[in-house]
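Notes follow once the structure below has been shown.
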Amino acid sequence: MFDAYRRWGYLEANLDPLGFLKPEPHPDLPKAGEIAEQARKFYCGTIGAEFMHLPDAARRNWIAGRLEAESAVVDQKKILERLIRADLFEQVLQARYLGTKRFSLEGVTALIPLLDEILNAAGRLGAAQAVMAMSHRGRLSVMAHIVNRPVHEVVAGFEDVDPRSVLGAGDVKYHIGATGSYKTAAGATLGIHLVSNPSHLEAVDPVALGRARAKQTRIGAEGRRKILPVIMHGDAAFAGQGIWAETLNLTDLEAYSAGGAAHIIVNNLIGFTTRPDQLHSSRFASDLAKRQSVPVIHVNAEDPDAVARIGRVAAEYRYAFGSGIVIDLIGYRRHGHSEIDDPTITQPLLYKKINEHPPLWKLYAERIGADAAPVAAAVRSEYEAEQEKARTLQKTPSLRQLPRYWSEYKRGRYDPSYEVDTGLAPERLAEITGRLVRVPEGFHIHPKIARLLEQRGEMGHGRRPVDYGFAEALAFASLLLEGNPVRLTGQDSERGTFNQRHAVLVDTETEEHYLPFAHLASAQPFCEIHNSTLSEGACLGFEYGFSRDYPEALVLWEAQFGDFANGAQVIIDQFISAGEDKWDLPSGVVLLLPHGFEGQGPEHSSARIERFLQLAAEDNLQVCQPSSAAQYFHLLRRQVRRHWRKPLVVFTPKSMLRHPAACSAIEEFARPRFLPLVPDAEVRDAQRVLIASGKVGHELKLERRRRKDASTAIFFLDQLYPLPHAEITAAIEQHPHAREVVWVQEEPANMGAISYVLPRLERLAGGLPVRSVRRSRSASPATGSAKAHELEQKTLLTLAFATRLES
Ligand SMILES: Cc1ncc(C[n+]2csc(CCOP(=O)(O)OP(=O)(O)O)c2C)c(N)n1
């Protein structure tokens, strides 16, 4: 009978303080008798636990044991004080800033004692820091009561005193992150990082986990114990947002695990105006979590003692099993979605009931027989004084602080003084090659890989041109040997989609894996190269998060084909391109996006260069398309060796990966730096200058050879943003008799770099006419027919050379 209650008891539990979510009688649950009564006490009270889906009996027994044990004593006086603080914080803001959005926590104020209990238990178990993420709801309260930012600093956001300092930048107060510290009941201090967050619900989840993982990696073996991720979700968002489903799938994987997170659904049983029966196909918003071995514990937010108890159980479970757990904290929303919405229009009956319902602290004080009035009066006047103090501030204080490991890195605008040399002498490259191509004794190597390693050996010793795959390996290995960690994830990135990387070697007899990058020297930083899940948003979000806490590492995310990056568009728009402008938070994350029109159809051609260029402003990104293996090598090394931290978007080749035209002599790796513009070394005093980026530039060179044309110079624009103005002007000036400049791109006229490049080239061309050759405007990026592609490509090349030269 107990087992039936363990399995189904939650359906009959009393979980909704307002009683709209009715218990659902289950036929397998006997109602009469002493044992039934006892089981009902554990499983059908204000806690409803779903854990019988866990395949591991030890975990099921652990949870049953906790739920069936006597409740531990909780500090009711403290809980009451915290509930008073949470409620009066909102009421003071409501009174002083009427008509301003704050996304009040009222109705689910039990979140604050819940977080208290999680942090107290985690502190006892060895946590030193919590990485927290949440959306708008209750965020200001969490900043004040958990992150412990002084209330006047949090309130300063409402005063908005120095708008001139953030013209065009900054963010609203309920999205900005905060750093602070939390004192546990036992006197320990935990660092708290509340991650900055865009409006896009749940987008912050993978970012927070990536940050937690990076912090754990930095600490080493004790990392998982010391760093606890805590992620808070809205009920509508938890059920509805795909990026959260993707993130959940990362939880237990070697590449992504952070030892489990405490997840809290701050469940007010409503979306903006939308009812739960319109928000999810399941009884509970939390059902998605059951796809995995994650327990879900629902708790009625109006039983603070039960809430506190579950907080403790959740933290202990995370530490016992290194696994995530979901707490579904069910309450209500006192006001409209924001305080300026009138909820009585869409939920008149619900809000009639809410209006008559007293705040939790009053109910709780009555329940425990406490006189709350003196504490409430003291808290109210404390917060009113804080609000007065906020009004006197001259400047809105920053609530965030970058960790110390960021101190030597630069953000903001580019400055040429940041440049450093990235070249390596051939002898050094030969030496690195020796370390890269060796295989442990007894390792059974695939014959094709044996051949590849042999060829790479020749490349590294200057006996064969170096291809992209090996140029990348040389960049990774040299950075590792110079003390910089490397982390790369992406779909099938261990081998490489185009069979070009082979970072992870596989023993043909045992399928054991061997990562040569991890065995370069006895003391070296970590190198992690992993195949990712089949997700873009969560995986890129995770790497962005990782890069935020590892400025000295090369952190890369690779798209299988560049067009799939649009599955991560929210992360690109909201974090990578705008993060520094909104939150002053830098990142050096690298995106590798295979790009190029090769007749593979509309979906495998374009990484949408145009979108990245549209996002580019204020030196927020670097958008590059290296034209050769050596350029790629220098670009990757520059990203780390230079101390300017900026996201780097690299359009990487497909067919050109091994193409002789894109391979480089070993001497090219010794030249000092990456060239944002590669001028033409073959043609002097040209009459026409063609400028292109990527594969088409090589095709133009072949076409020039075929035509025996000696009057056309071809430049590669390898860095599209920031645009190398001086280099472009100087290269054009090398051809004083040039009569026109032509931008050539494979992409249709409404795509590619054209709308960004053309007006700029017109300014840089010293009065020469500038025209363009490209495919016609098109709704879809490329043709689905390989033959049509060839015809188009031929026409494109012909047009680049055939048109009339203007005088
Ligand atoms: C991806 C995304 N879609 C839509 C919105 C607009 N929006 C903001 S809050 C909200 C309702 C969220 O409900 P819930 O997740 O239950 O959180 P609550 O506000 O109730 O705490 C919506 C639809 C958004 N911010 N992000």
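Sequence positions, counted from 1, serve as the residue numbers for this chain. In each ligand, atom 1 is the first atom listed, and ligand 1 is the first ligand listed. Side chains are part of it too, since the values below use all heavy atoms of this structure and drop only hydrogens, waters and symmetry mates.
- Judged by distance alone, with hydrogens and angles left aside, the side-chain atoms of Glu12 form a donor-acceptor pair with the main-chain N or O of His26 at under 3.5 Å.
- Proximity of a side-chain donor or acceptor of Gln401 to a complementary backbone N or O of Thr179 within less than 3.5 Å is not detected.
- Between Arg411 and Asp584, at least one side-chain N (NZ, or NE/NH1/NH2) sits under 4.0 Å from a carboxylate O, which counts as a salt bridge.
- Ring geometry, His263 versus His233: the interplanar angle falls from 30° to 60°, so the pair is classed tilted.
- At a 4.0 Å heavy-atom cut-off, the residues surrounding ligand 1 are His136, Arg137, Ser199, His200, Leu201, Gly234, Asp235, Ala236, Ala237, Gln241, Asn268, Ile270, Gly271, Phe272, His337, listed by chain and number.
- The aromatic rings of His145 and Phe89 lie perpendicular to each other, with more than 60° between the two planes, well past the 30° mark.
- A perpendicular orientation is assigned to the rings of Tyr332 and His357, their planes being inclined by more than 60° (bins at 30° and 60°).
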